[in-house]
Amino acid sequence: MTNLNLISPALAYIDGQWVGHPEGKTFGVNNPANGKSLAQVPDMGTIEAQEAIEAAAQAFELWRKQTAIVRADLLWRWYELIRAHAEVLAELITAEQGKPLAEARGEVAYGNSFVRWFAEEARRSYGTLIPTESPDRRLMVIKQPVGVVAAITPWNFPLAMITRKLAPALAAGCTVVLKPSEETPLTALALAKLAEMAGIPPGVLNVVTGLDAPMLGLLFCTHPTVRKLSFTGSTAVGKRLMQQSADGLKRLSLELGGNAPFIVFDDADLNAAVEGAIVAKYRNGGQTCVCANRILVQDAVYESFVEKFSQAVSFLQVGQGDEPQVDIGPLINPRALEKVKGLLADAQAKGAHIVLGGKPHALGGTFFEPTVLTEAKPAMLLSQEEIFGPVAPIYRFRTEEEAISLANSTPYGLAAYFYGRDIGRVWRVAEALEYGMVGVNTGLVSTAVAPFGGIKHSGLGREGAREGLEEYLQIKYMALGGL
Ligand code: NAP
């Protein structure tokens, strides 16, 4: 394995300087697969975060005035450098997050596709000229960068959740202070290192690592210089940040939790549905916001789906992400393991039947067996919460109406999936699902070119696509009179 310190300096990055905590306070980053220490990074507090906000404010004055093509070229250079360092970045992701190396490589390519996309979109923040209602007036709309952005990101995609925010923010002309998850700060710092190498000016991108997320979050929400907060993480924390931001009326993007239904209708291609369900459920060991949380299968195909699906799951290999052939790595930490165990115990007590797995893996640590359970019911806790582990509960339904009602019976509304061939039903169901994203005959919806995001308790705003740039732009209308 490459020397990971070469790429990730393990220091915070403020105003173009790599800095430690003034009194040397640090916290440890460990490999979740074996508990080994990877690095110590600075445990920054509010004073250092304020310095970062001030640096971002100063840099904004120059960055906002750069032409779109200058910003685009710098993003392109960043994209090229990420691509050139893809392998070491993937190793870093696997080391600090635990996902299999093949998935980590996929994350680098996926995450970097946002940098490329927004390098292209940087030049397209067009305004409009509005046909006027009086001959001596001209009406126009221009788009301008929002200002200093604070970004808070989770551990489950240590690279992609960052580029989805930073690339559009920088493309729009905003400057950023990023606080990555304490579990996975090294990838964030590596990205900053590559941004520095790309020539992105000091202060445009700042990374503040720290253990006290609530304190840093409160500062971001209340600091008058921060004009926008972009957060990806749990719904509970997202709501808290929204409340804290109310006084300052900050622009908000909130990419929050999900509870994705995966519906299999009786006319589905079952083999394709199994393949899609494996991807939608077990990617990152079940630790994604768009993971299939509830698999709903129509009565007539229930038994055959369970059989085929369980067989496919039984082939999944559990192990350390840097070992070949591994499909599922460890859960992120012991708390996650306890949560999965608790949800399973509750489901069993309420009548679920375990077909496969069901307990911590023999490897120990936070490894968990890929698990399939049948006769899942809405009253079980795992129907109501994100499982965030390799556990697939399967529900039985009879009619289309019942499937839609079950699928929508959650406060969340991020991603939903269904398999079926009847064209009328495809339209009806896709329109009836109360979700921001719907995968029809596919278990994978994420791409930089489409708007990613949720409704209801899954958040506000979109990342990626044309819409992703709008999140960092504000509208100015200008009326020119006296022509
Ligand atoms: P989390 O506990 O909400 O943490 C997310 C980020 O917020 C981390 O950087 C965390 O810092 C920080 N944080 C925690 N408490 C905070 C507070 N009071 N104020 C400010 N920041 C705070 O979520 P997670 O466990 O890392 O990530 C999993 C969640 O993210 C799941 O719910 C998942 O569905 C969601 N997610 C959503 C999307 C999407 O696009 N919709 C994508 C990925 C993940 P520390 O880690 O340092 O504590």
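Both ligands and their constituent atoms are indexed starting at 1 by order of listing.
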> Which residues pass the salt bridge (Lys or Arg N to Asp or Glu O under 4.0 Å) test with R240, sequence neighbours left out?
Replying inline: none

>> Within ligand 1, which atoms have a heavy atom of F388 less than 4.0 Å away?
In response: 28 (C), 31 (C), 33 (C), 34 (O)

> Are the side chain of N259 and the backbone N or O of S383 linked by a donor-acceptor pair below 3.5 Å?
Replying inline: yes

> Which pairs with one or both residues in residues 18-43 pass ring-ring contact (aromatic ring centres under 6.0 Å, His included), sequence neighbours excluded?
Replying inline: Y13-W18

> Going by the atom numbers of ligand 1, which of them fall below 4.0 Å from some non-hydrogen atom of M161?
Replying inline: 42 (C), 43 (C)

>> For G111, is there any backbone N or O sitting under 3.5 Å from a side-chain donor or acceptor partner on T163?
In response: yes

> Does even one non-hydrogen atom of F220 get within less than 4.0 Å of ligand 1?
Replying inline: no

>> I'd like to know if the side chain of K99 reaches the main chain of N156, judged simply by a donor and an acceptor atom lying under 3.5 Å from each other, with no hydrogens or angles considered.
In response: yes

>> Distance under 4.0 Å to a non-hydrogen atom of L414: what atoms of ligand 1 satisfy this?
In response: 41 (N)

> What protein heavy atom is closest to atom 2 (O) of ligand 1, reported as residue, atom name and distance in Å?
Replying inline: S234 OG, 4.0 Å

> For I93, does its backbone N or O pair with a side-chain atom of E107 as donor and acceptor, under 3.5 Å?
Replying inline: no

> Can you name the nearest heavy-atom pair linking P42 to G20, along with the distance?
Replying inline: CG-CA, 3.8 Å

> Quick one: does F157 get a heavy atom under 4.0 Å from ligand 1?
Replying inline: no

> Where is the tightest heavy-atom contact between L205 and A192, given as atom of each residue plus distance?
Replying inline: CD2-CA, 4.1 Å

> Would a search of protein heavy atoms around atom 21 (N) of ligand 1 find one under 4.0 Å away?
Replying inline: yes

> Nearest non-hydrogen atom to atom 36 (N) of ligand 1 belongs to which of C289, G217, P180?
Replying inline: C289

> What residue and atom, counting heavy atoms only, is the protein's closest point to atom 25 (O) of ligand 1, and at what distance?
Replying inline: W155 NE1, 3.1 Å

>> Quick test: of every protein heavy atom, which one is nearest to atom 46 (O) of ligand 1, and how far off is it to 0.1 Å?
In response: S181 OG, 2.8 Å

> Considering only heavy atoms, which of L256, I152, N293 lies nearest to atom 41 (N) of ligand 1?
Replying inline: L256

>> I'd like to check which ligand 1 atoms, numbered from 1 as shown, lie under 4.0 Å from a non-hydrogen atom of L241.
In response: 19 (N), 20 (C)

>> If you take the nearest heavy atom of each of A336, A213, A150, G210, which one is closest to atom 13 (N) of ligand 1?
In response: A213

> Can you tell me the protein heavy atom closest to atom 9 (O) of ligand 1 and the distance?
Replying inline: T153 O, 2.7 Å

> What residue and atom, counting heavy atoms only, is the protein's closest point to atom 16 (C) of ligand 1, and at what distance?
Replying inline: V237 CG1, 3.5 Å

>> Against ligand 1, does K179 come closer than 4.0 Å with any heavy atom?
In response: yes

> Passes side chain to side chain donor-acceptor pair (under 3.5 Å), Y472 versus S253? Steps please.
Replying inline: CA-CA 9 Å; Y472 297 91; S253 295; 4.9 Å; no

>> What protein heavy atom lies closest to atom 27 (O) of ligand 1? Include the residue and the distance to one decimal.
In response: P154 CB, 3.4 Å

> Counting N and O atoms only, with roles assigned by atom type, does the side chain of R251 sit under 3.5 Å from a partner on the main chain of E471, one being a donor and the other an acceptor?
Replying inline: yes

> With a cut-off of 4.0 Å, which atoms of ligand 1 are near a heavy atom of N156?
Replying inline: 43 (C), 44 (C)

> Among all protein non-hydrogen atoms, which one is nearest to atom 31 (C) of ligand 1, and what is the separation to 0.1 Å?
Replying inline: E386 OE1, 3.3 Å

> Judged by non-hydrogen atoms, does R164 sit under 4.0 Å from ligand 1?
Replying inline: yes

>> Whether the side chain of Q244 engages the backbone of C221 through a donor-acceptor N/O pair (distance < 3.5 Å, no angle test) should be reported.
In response: no

